[in-house]
Amino acid sequence: MSDPNPTPELIELFRADDPRDVVHRAVACLAGGGVVVLPTGTGYALAASALRPEAMTRLAGAPGASPPGGTHWLKICLRGPDELLDWATGAPVGARRVASRSWPGPVELFLADGVAGGLADRLPEGSRRALVGPGGAIALCCPDHPFVEHLTRLLSGPLAIGQPIGPEGQPVVSASALAGLGAPDLLIEDGPPDDPAGPAVLSFQGEQMHVVRHGSLDDRTLGRLCSTIILFVCTGNTCRSPMAEALFKVMLADRLGCHPEDLEAHGWLVLSAGLSAMQGAPAASNAVEVVRGYGGSLEAHASRMLVPELVRAADRILVMTRSHLRALLDHAPEAADRAALLDPDGFDVDDPVGSGLDTYRATAESIRRHLVPLVDELTASRG
């Protein structure tokens with residue numbers, strides 16, 4: 001007589017001669033309707049193919065499938081932020097920003113609106129019952145772990161995962177601890193998670209974000225994930241783009257009726273960077289003095305290099321010259337709809353480096369004039 005609850009096979013990933021073989025084993029198990037315990041960056045999770053209703057029923061019936069906090073225990077595991085709109089066709093702008101800035105990473109999204117017409121509607125009925133809540137609400141994640149990344153790229157169809165969280169908010173830190181939940185067929189062990197605080201969970205209803213669970217991320221970090229990010233770019237990030245950043249902060253704060261230091265609390269993050277910047281250099285002394293005359297401050301400025309992460313995160317990227325724009329789009333063509341010259345008429349803002357104070361004043365005034373329509377546009381769009 002066969003054992004109705006056989007002991008699942010345990011594979012220690014860190015001992016495998018070729019981790020790719022373990023990935024293929026897991027894919028085969030999932031495709032065959034099995035349940036697999038996977039490592040993620042924030043703890044261990046049970047996983048099943050969302051195309052296999054019988055496996056989804058096992059997953060949904062596991063203990064802890066309905067934790068407090070108003071979020072699903074079962075989530076769709078995406079390959080990257082580009083898949084968000086496949087599942088939530090009307091995802092709020094804030095949710096899109098969070099996904100683009102944090103995935104892959106320790107953030108889960110619970111979306112109650114904007115999901116009609118997405119891929120969840122095409123799942124088998126049994127899978128839909130396990131994954132889709134009242135009103136069509138779904139939970140989405142994109143764990144930061146190479147094993148999950150490789151697995152989702154090889155698996156035909158979407159992956160659903162359930163990650164139980166303990167009563168004190170702690171995740172499961174070993175594969176064997178989930179051996180008794182959901183009757184898994186295969187356990188993949190890869191040691192303790194990198195982020196033992198567990199995932200942050202953000203719930204969206206319209207554009208309103210609610211932090212269900214912080215994980216290892218504080219309120220400021222989570223707020224930045226859904227802020228409007230304006231990025232100014234020049235060459236060295238010591239003259240033009242820092243002046244544009246400081247002047248824009250003053251003008252925007254004046255329009256909003258707040259102090260420049262309070263812009264972040266109002267959902268605005270204003271940054272600058274340089275295509276060939278040295279890290280940590282101060283702003284040019286003439287730039288500091290000129291900006292002070294407009295009520296801004298560059299005393300604490302430290303130059304930064306323009307890196308791909310900044311480009312991906314920015315909602316708008318304003319560059320000083322046509323050559324800056326060409327260089328940016330050569331490396332990041334996907335930013336074409338978010339990048340533009342600061343001068344709306346298409347002229348360059350010349351570099352004042354090495355010039356006297358009068359030249360810096362003229363440059364700052366030119367930048368300020370170009371910022372006026374930008375402030376008008378952005379504050380009007382915020383309604």
Practice prompt. Give the minimum heavy-atom separation between Ala246 and Ser297, together with the two atoms involved.
Written response: CB-O, 4.1 Å
Fill in: Stepwise side chain to side chain contact (heavy atoms under 4.5 Å, CB included) test for Glu309 and Arg101
CA-CA 8 Å; Glu309 292 78 9; Arg101 295 166 187 173; over 6 Å; no
Fill in: Any donor-acceptor pair under 3.5 Å from Thr152 side chain to Arg79 backbone
no
Worksheet entry | CD (Gln205) with more than 12 external heavy atoms under 6.0 Å | no
Practice prompt. Check whether any side-chain heavy atom of Arg20 sits under 4.5 Å from a side-chain heavy atom of His150, and report yes or no.
Written response: no
Worksheet item: Quick one: CG on Leu225 to OG on Ser102, what's the gap to the nearest 0.5 Å?
Response: 5.5 Å
Discussion item. One thing to verify: whether Glu9 and Arg25 come together as a salt bridge, which I'm taking to mean a side-chain N less than 4.0 angstrom from a carboxylate O.
Written reply: yes
Practice prompt. Working to the nearest 0.5 Å, report the span between CG of Leu84 and SG of Cys142.
Written response: 10.5 Å
Worksheet entry | ILVMFWY clustering at 4.5 Å (side-chain atoms), partners of Val93 | none
Discussion item. Other residues, nucleotides and ligands only: do more than 12 of their heavy atoms fall within 6.0 Å of CG on Asp330?
Written reply: yes
Worksheet entry | Results of side-chain contact (heavy atoms from CB on, under 4.5 Å) for Glu149 - residues two or more places apart only | Arg153
Worksheet item: Residues sharing Ile11's hydrophobic cluster, by side-chain heavy-atom contacts under 4.5 Å among ILVMFWY, directly or via others?
Response: Leu13, Val22, Val23, Val27, Leu30, Val36, Leu38, Phe147, Leu151, Leu154, Leu155, Leu159, Ile161, Leu186, Ile188
Practice prompt. Starting at NE2 of His370, measure out to CG of Leu247 and round the result to the nearest 0.5 Å.
Written response: 12.0 Å
Worksheet item: Does the side chain of Pro164 reach to within under 4.5 Å of the side chain of Leu178, using non-hydrogen atoms?
Response: yes
Fill in: Thr238 side chain to Ala283 backbone, donor-acceptor under 3.5 Å
no
Worksheet item: Would you call Leu109 and Phe204 a side-chain contact if the rule is heavy atoms closer than 4.5 Å?
Response: yes
Fill in: Residues Asp315 and Arg338 bridged, charged N to O under 4.0 Å
no
Worksheet item: Which ILVMFWY residues are connected to Leu310, directly or by a chain of links, through side-chain heavy atoms under 4.5 Å apart?
Response: Ile229, Leu231, Val233, Leu269, Leu271, Leu275, Met305, Leu306, Val307, Val311, Ile317, Val319, Leu325, Leu328, Leu329, Leu341
Worksheet item: Hey, are the side chains of Leu202 and Phe110 touching, using non-hydrogen atoms and a 4.5 Å cut-off?
Response: no
Practice prompt. Only counting residues at least two apart or in another chain, list the ones meeting salt bridge (Lys or Arg N to Asp or Glu O under 4.0 Å) with Arg292.
Written response: Glu299
Practice prompt. Quick one: which residue pairs count as a side chain to side chain donor-acceptor pair (under 3.5 Å) with a foot in residues 110-132, not counting sequence neighbours?
Written response: Asp121-Arg128
Worksheet entry | Side chain proximity check, Arg15 to Glu189, heavy atoms < 4.5 angstrom | no
Discussion item. Side chain to side chain donor-acceptor pair (under 3.5 Å), that's the test. Do Glu365 and Tyr294 meet it? Break it down for me.
Written reply: CA-CA 10 Å; Glu365 182 56 29; Tyr294 287 92; 2.7 Å; yes
Worksheet item: Under a single-linkage definition using a 4.5 Å side-chain heavy-atom cutoff for Ile, Leu, Val, Met, Phe, Trp and Tyr, are Ile76 and Val148 assigned to the same hydrophobic cluster?
Response: no
Practice prompt. Please check if Met251 and Leu256 belong to a single hydrophobic cluster, counting links between Ile, Leu, Val, Met, Phe, Trp and Tyr side chain heavy atoms closer than 4.5 Å.
Written response: yes
Fill in: Any residue meeting salt bridge (Lys or Arg N to Asp or Glu O under 4.0 Å) with Asp376, in chain and number order, not counting sequence neighbours
Arg255
Worksheet item: Within a strict 4.5 Å, meaning less than it, do heavy atoms of the Leu123 and Pro158 side chains meet?
Response: yes
Discussion item. Suppose the criterion is side chain to side chain donor-acceptor pair (under 3.5 Å): which pairs have a residue in residues 277-288, not counting sequence neighbours?
Written reply: none
Item to complete: For the pair Arg96 (side chain) and Ala91 (backbone), establish whether a donor and an acceptor sit closer than 3.5 Å, ignoring hydrogens and angles.
Response: yes
Discussion item. Given Arg240, which partner from the list Leu342, Asp350, Val349 fulfils the side chain to side chain contact (heavy atoms under 4.5 Å, CB included) test?
Written reply: Val349
Worksheet entry | Salt bridge present between Glu207 and Arg97 (N-O < 4.0 angstrom) | no
Discussion item. Strictly distance-based, threshold 3.5 Å: is any side-chain N or O of Thr363 a donor or acceptor partner for the main-chain N or O of Thr359?
Written reply: yes
Worksheet item: Within the distance-only criterion (no hydrogens, no angle test), does the side chain of His259 pair as donor or acceptor with the backbone N or O of Glu261 below 3.5 angstrom?
Response: yes
Item to complete: Run the numbers on Glu377 and Arg316 for salt bridge (Lys or Arg N to Asp or Glu O under 4.0 Å), then give the verdict.
Response: CA-CA 12 Å; Glu377 175 197 345; Arg316 296 289 291 272; 2.8 Å; yes
Worksheet item: Roughly how far, to the nearest 0.5 Å, is CD1 of Ile230 from CG of Leu263?
Response: 11.0 Å
Worksheet, complete the sentence: Sorted by chain and residue number, the salt bridge (Lys or Arg N to Asp or Glu O under 4.0 Å) partners of Asp348 (sequence neighbours excluded) come out as Arg322
Discussion item. Whether Glu54 and Arg58 form a salt bridge (side-chain N of Lys/Arg under 4.0 Å from carboxylate O of Asp/Glu) is what I want to check.
Written reply: no
Fill in: side chain to side chain donor-acceptor pair (under 3.5 Å) assessment of Asp195 paired with Thr42
CA-CA 5 Å; Asp195 188 352; Thr42 56; over 6 Å; no
Worksheet item: Hey, what do you get for OG (Ser355) to OH (Tyr360), rounding to the nearest 0.5 Å?
Response: 6.5 Å
Worksheet item: Going hydrophobic residue to hydrophobic residue with side-chain gaps under 4.5 angstrom, can you get from Val372 over to Leu318?
Response: yes
Fill in: Side chain proximity check, Glu108 to Leu140, heavy atoms < 4.5 angstrom
no
Practice prompt. Report yes or no: do Val290 and Val250 belong to one cluster of Ile/Leu/Val/Met/Phe/Trp/Tyr joined by side chain heavy-atom distances under 4.5 Å?
Written response: no
Worksheet entry | Donor-acceptor under 3.5 Å (Asp262 side chain, Ala265 main chain) | no
Worksheet item: Is a side-chain donor or acceptor of His331 paired with a backbone partner of Arg326 at a separation under 3.5 angstrom?
Response: no
Fill in: Intermediate values then yes/no, side chain to side chain donor-acceptor pair (under 3.5 Å), Asp219 and His214
CA-CA 8 Å; Asp219 283 328; His214 281 82; 2.6 Å; yes
Worksheet item: Less than 4.5 Å apart, any side-chain heavy atom of His301 and any of Pro282?
Response: no
Response to the item:
Separation between CD (Glu83) and CG (Leu119), nearest 0.5 Å, reads 8.5 Å
Worksheet entry | Set of salt bridge (Lys or Arg N to Asp or Glu O under 4.0 Å) partners for Asp21, sequence neighbours left out | none
Practice prompt. Could you list all the ring-ring contact (aromatic ring centres under 6.0 Å, His included) pairs where at least one residue sits in residues 225-244, not counting sequence neighbours?
Written response: Phe232-Phe248
Discussion item. When you group the ILVMFWY residues by side-chain heavy-atom contacts below 4.5 Å and let the links chain together, are Met320 and Phe347 in the same group?
Written reply: no
Discussion item. Strictly distance-based, threshold 3.5 Å: is any side-chain N or O of Arg304 a donor or acceptor partner for the main-chain N or O of Gly274?
Written reply: no
Discussion item. So for atom CD, which belongs to Gln208, do other residues, nucleotides or ligands contribute more than 12 heavy atoms lying within a distance under 6.0 Å?
Written reply: no
Fill in: Listed partners of Tyr44 passing ring-ring contact (aromatic ring centres under 6.0 Å, His included), at least two apart
none
